[in-house]
Structure formats: C-alpha cells, structure tokens
Asks: 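Dumping the structure here so I can ask a few things about it.
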There are 2 protein chains.
Amino acid sequence: MTTSTDAPRRTRIQQEKRELILEAALEVFSTNGFRGSTIDQIAEAAGMSKPNLLYYFRRKEDIHETLMQRLLDTWLAPLRELDDIGDPMTELRNYIRRKLEMARDFPRESRLFANEILQGAPRIMPLLAGELKTLVDEKAAVIKSWMRAGKIARTDPWHLIFSIWATTQHYADFDVQVRAVLGPDRGGDGRFEDAARFLEQLFLDGLKPKN
Amino acid sequence: MTTSTDAPRRTRIQQEKRELILEAALEVFSTNGFRGSTIDQIAEAAGMSKPNLLYYFRRKEDIHETLMQRLLDTWLAPLRELDDIGDPMTELRNYIRRKLEMARDFPRESRLFANEILQGAPRIMPLLAGELKTLVDEKAAVIKSWMRAGKIARTDPWHLIFSIWATTQHYADFDVQVRAVLGPDRGGDGRFEDAARFLEQLFLDGLKPKN
DNA sequence: CTAACGTTTGTCCAATCGGTCAAAAATTTG
DNA sequence: CAAATTTTTGACCGATTGGACAAACGTTAG
C-alpha cells in the first residue's frame, strides 16, 4: 500500500526537490515575470543544475502553472471566509486586515499574480472568468444583502471588492515605491500598521470631517 | 538658425520615426514587460525593419528609458495640480477623478509603470526616492494643513495618496481581471463611471451606514 | 548630371534561451 | 555483495535574442 492513491506517486526526494524548485521559482518569477525569468536562474536559486531541474519539471511552463494553481487557492481564502453570519462591518474590517496581512507576509505571491494579470492573464484567463467570477458574484450578493438590511452603506459591491484588493495588494506589488516615498524613517516595518490604521478609517468613515 | 539650439538636432523624418517607434514600444513594453519584449516585435509594430529601428535608438534600453522619462512627467501632473487654495474636499475629489480618467485613457502608460515598479524599479529607483518623494512630501504637507484646519478627517496623508493611486490605477493595471469579474454585461464601457461613483462615495463617507 | 548626406535593409555574429540525451553517480532493492 | 532503479550532470542542439556592419537606396544641393 502506497502513501497516495490517485495523485502521481512520488518519492520523498521528488517531493522535497519539487518543493525546493517551486520556492526558488516563486522568487525568480515574481521579480522577473515569466518571460523575464530563465530556467538557469531558477536552477541556480534552487541549488541544482538545469538538467536536474528539468528532471522534476519537464517544461518551464509546468513550474509556472503549478505555482499559479497553488497560489489561487490560498489567495482567495480570505474572500471565501467572508461570512454571511456575523456583523457585516466587522466581517469587512477583518477581510481588509487579512488581505493586508497577506500582502505583508506573501508579497512574492502577490507580485506573481500581478505579473500574470498585467500581461493579460494569458495562462489563467479561464479561471478569472470562471471560478473567480463565481466567487466574487456570490460574495457580492452577500454584501448586497447587508446593504438591504441597512448594515452598511449602499454602494457597488463589486467595486468595493476591487478597492479592497487594490489598496491592500498595493503594499506588496508597489512595495519599492511605497518604501521610497515614505523614506527610511517611516518606510520601516511600521508601514503596515500605519496602512492598517488608515485603511480601517477610510473604509469606515471616509474623509469627511466628523462635525 | 536651426529649430532647436541645445537638444540633439533632428530632421523631420527623425522626429516622426522616433515618435512612431515610441508609440509601438509603449504598446509592446506595456503588455510584455521589458525583458519579455523584443526589438523585432517593436520594429514590426512600428512597421520597419530591426536595423532601421536601431538607427533611431541604438539600444533597446534607450527606447525604454525615453518612454519612462516622458511618462513620469504626465503621470504626476494630476498630483502637481493638487492646489492649496480651493475647497479641500473638492480638490481631492477632482484628483481622484483625474487619476481615474488617466487609468481609462492611458492604460498602457499605467501598465508600463506598474511593470517597472513590480520588478523593483531597477531603472527609475533614483527618481522615486528623489523627485517623486519630494512631490509627495510636499502634497502631504498640504493635506495635513487641511486636516489641521478641520476641512477633512485626520489620517495619514501618505497612505491616503497611496490609496488613491491604488484604487484608480487598478482599473488600468488589472483591467483584464476587472472585466472578467464584472462579466460581459457590467464590464463594458460603463465600468469607469461605476468606479467613479463608488470611489467618490468611498473617499467621502466610507461604508458606515447613514442610519 | 553628380556628390553628399540621410535613410533603409539583408546579412551576419556572439550570447543566451529552452530543452535533449547519454552516461555517470547515488540510492534502493533483493 | 550485486542488480535495478532513481537522481544528477556535462555536453550538446536548434531557435531566438540584442546588436553590428556594410552595402544599397532615396533625397537634396550644387
């Protein structure tokens, strides 16, 4: 009896090396894009020779594809958790906070995704129009029900989701710019807490003065 | 007496062809990134042979550099116009609207910029930490004075600017995703008006219900 | 006309790319 | 131990890349 039944059965070494390669590829792909990255770069980052790497992944595209598949699951997890039960305002605040934490803790994943979308999403277009659209439509309906119940202000739920994506991922995708503008003093580790505070206020009360 | 005195003097043909190349290069670079684009692609898009293109720009990098230099000027123009005099809330609303219009009318420029930042801004880092930081700091001071005067709510001006950049440029940089999620019905030309309405409400009042 | 100058292109080159292959090295199995 | 299997690598290949170059072409001035 083997460990796995259906999935392509792999030895311990194969699993470890594949993981090593994917880790290295994430680093390389996220900073150079797909076409800008070379197999040699990934192989060197993974500490092995190019033919050795190609022994585990036959083609460069296979690495990228595996990476993207894994990414989408974890990337959409926070949105999936957006729950119908529970206080709407708290749910949204938690969602924003979780997305910002992901931008802080997994910036490479964010940039990998951004790279793909920027270039027209040639490899994941079906997923966007399928799985992603379904999920967003579903959550938009939830948000709409909150609006009907008077729990949050009436706006466009889809653009609301876009704005949360945009503002949080900005701190991963445009990190260089953020740090350059904030400077050495304010661009340190504290910038994510500052961002969290600001975003909470923005999405709660907007900019209108209180009196 | 020639037309220009200091700048490298160029014939009419040179000016026209250089313009043609830059237009073609904007198209190619913004969709494939720098390393993902080839001189052949740009030459073909410009309707000329590769050696002919290299007659006007000696190196691939020169095209990209020229493009980036021009870009930054026009790209930061809206922020430069943010004016101390005039009603703060109106000034901010106009800034957001102008930025959104730029995302709609110049998506290629936005994507070219995003591509550069995503990959660590290797070619324009000095500009970010210099010119850009200076401008943002200056405008942050203006916004801060508005807050002190009680004209807008107190928050972090820098992160406010980031959030405006993020939300507006999102509609250019992530256009494929936006259209895929909105679907054929709502993803048409009207999406920018919907976005404008949503963003105005978000930045004005946030999401708290009016009760 | 012709000489001078600006423009265009076919051809070529070295470097790099993704990927193959056979053989060596390491590991597992009996 | 030895045989079988898996893992690793050096050498190599055709295609593509950025760029060089000289020759051809077009235009203009005298």
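In what follows, chains are A, B, ... by sequence order, proteins preceding strands, each numbered from 1.
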Asks: Looking only at the side chain of A:K50 (C-beta and beyond, no hydrogens), which of the listed nucleotides D:dG18, C:dT8, C:dG19 gets closest?
Replies: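 Closest of the options to the side chain of A:K50: C:dG19.
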Asks: Does OP1 or OP2 of D:dT9 have a side-chain N or O of A:N52 closer than 4.0 Å?
Replies: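 Checking D:dT9 against A:N52, a side-chain N or O does come within under 4.0 Å of OP1 or OP2.
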Asks: Measure from the side chain of A:K60, starting at C-beta and using heavy atoms only, and say which of C:dG18, D:dG19, C:dT8 lies closest.
Replies: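 Looking only at side-chain atoms, A:K60 lies closest to C:dG18.
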Asks: Nearest whole angstrom, please: distance from the C1' of C:dT27 to the NZ of A:K17.
Replies: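 So the NZ-C1' distance, A:K17 to C:dT27, works out to 12 Å.
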Asks: Whole angstroms only, please: what is the CD-P distance between B:E16 and C:dG6?
Replies: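 B:E16 atom CD is separated from C:dG6 atom P by 17 Å.
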Asks: With respect to the phosphate group of D:dT7, does any side-chain polar atom (N or O) of A:Q14 fall under 4.0 Å of OP1 or OP2?
Replies: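 For D:dT7, OP1 or OP2 has a side-chain N or O of A:Q14 closer than 4.0 Å.
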Asks: Can you measure A:F57 atom CZ to C:dT20 atom P for me and round it to whole angstrom units?
Replies: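 Atom-to-atom, A:F57 to C:dT20, this comes out as 15 Å.
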Asks: Round to the nearest Å and state the distance from A:Q15 atom CD to D:dT6 atom P.
Replies: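 My rounded result for the distance is 15 Å.
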Asks: With A:D156 as reference, evaluate B:R197, B:R191, B:R186 under the side chain to side chain donor-acceptor pair (under 3.5 Å) test and give the passing residue.
Replies: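 Result for side chain to side chain donor-acceptor pair (under 3.5 Å) with A:D156: B:R186.
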Asks: Nearest to the side chain of A:S49, heavy atoms from C-beta on, is which of D:dT8, D:dT17, C:dT20?
Replies: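 From the listed options, D:dT8 comes nearest.
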Asks: Looking at D:dT8, I'd like to know if its phosphate oxygens (OP1 or OP2) sit under 4.0 Å from a side-chain N or O belonging to A:Y55.
Replies: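 Answer no for this pair, as no side-chain N or O of A:Y55 is under 4.0 Å from OP1 or OP2.
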Asks: Would you call A:R80-A:E131 a salt bridge at under 4.0 Å N-O?
Replies: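 Salt bridge present between A:R80 and A:E131.
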Asks: Compare the minimum distances between each of C:dG19, C:dT8, C:dC17 and the side chain of B:R35, then state the nucleotide with the smallest one.
Replies: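 Among C:dG19, C:dT8, C:dC17, the one nearest the side chain of B:R35 is C:dC17.
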Asks: By nearest heavy atom, map A:P51 and B:D40 onto DNA chain D; which one lands nearer the 5' end?
Replies: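 Whichever sits nearer the 5' end wins; that is A:P51.
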Asks: Salt bridge between B:E65 and B:R59, side-chain N to carboxylate O under 4.0 Å?
Replies: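 Result for this pair is no, no salt bridge flagged.
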Asks: B:I39 has an atom CD1; how far is it from atom C1' of D:dG19, in whole Å?
Replies: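 Taking atom C1' of D:dG19 as the reference, CD1 of B:I39 is at 7 Å.
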Asks: Considering only NZ, NE, NH1 and NH2 on the basic side and carboxylate oxygens on the acidic side, decide whether A:R97 and A:E81 come within less than 4.0 Å.
Replies: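 Answer for the salt bridge query: no.
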Asks: In whole angstrom, what separates A:R59's CZ from C:dC17's C1'?
Replies: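 After rounding, the reported distance stands at 16 Å.
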Asks: Output the rounded distance in Å from CD (A:E44) to P (C:dG18).
Replies: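 Distance, rounded to whole Å: 14 Å.
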Asks: Would A:H159 and B:F192 count as a close aromatic pair, with their ring centres under 6.0 Å?
Replies: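 Ring centres of B:F192 and A:H159 not closer than 6.0 Å.
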Asks: Using a cut-off of strictly less than 4.0 Å, decide whether B:Y56 has a side-chain nitrogen or oxygen near OP1 or OP2 of C:dT8.
Replies: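 It does, given that an N or O in the side chain of B:Y56 lies less than 4.0 Å from OP1 or OP2 of C:dT8.
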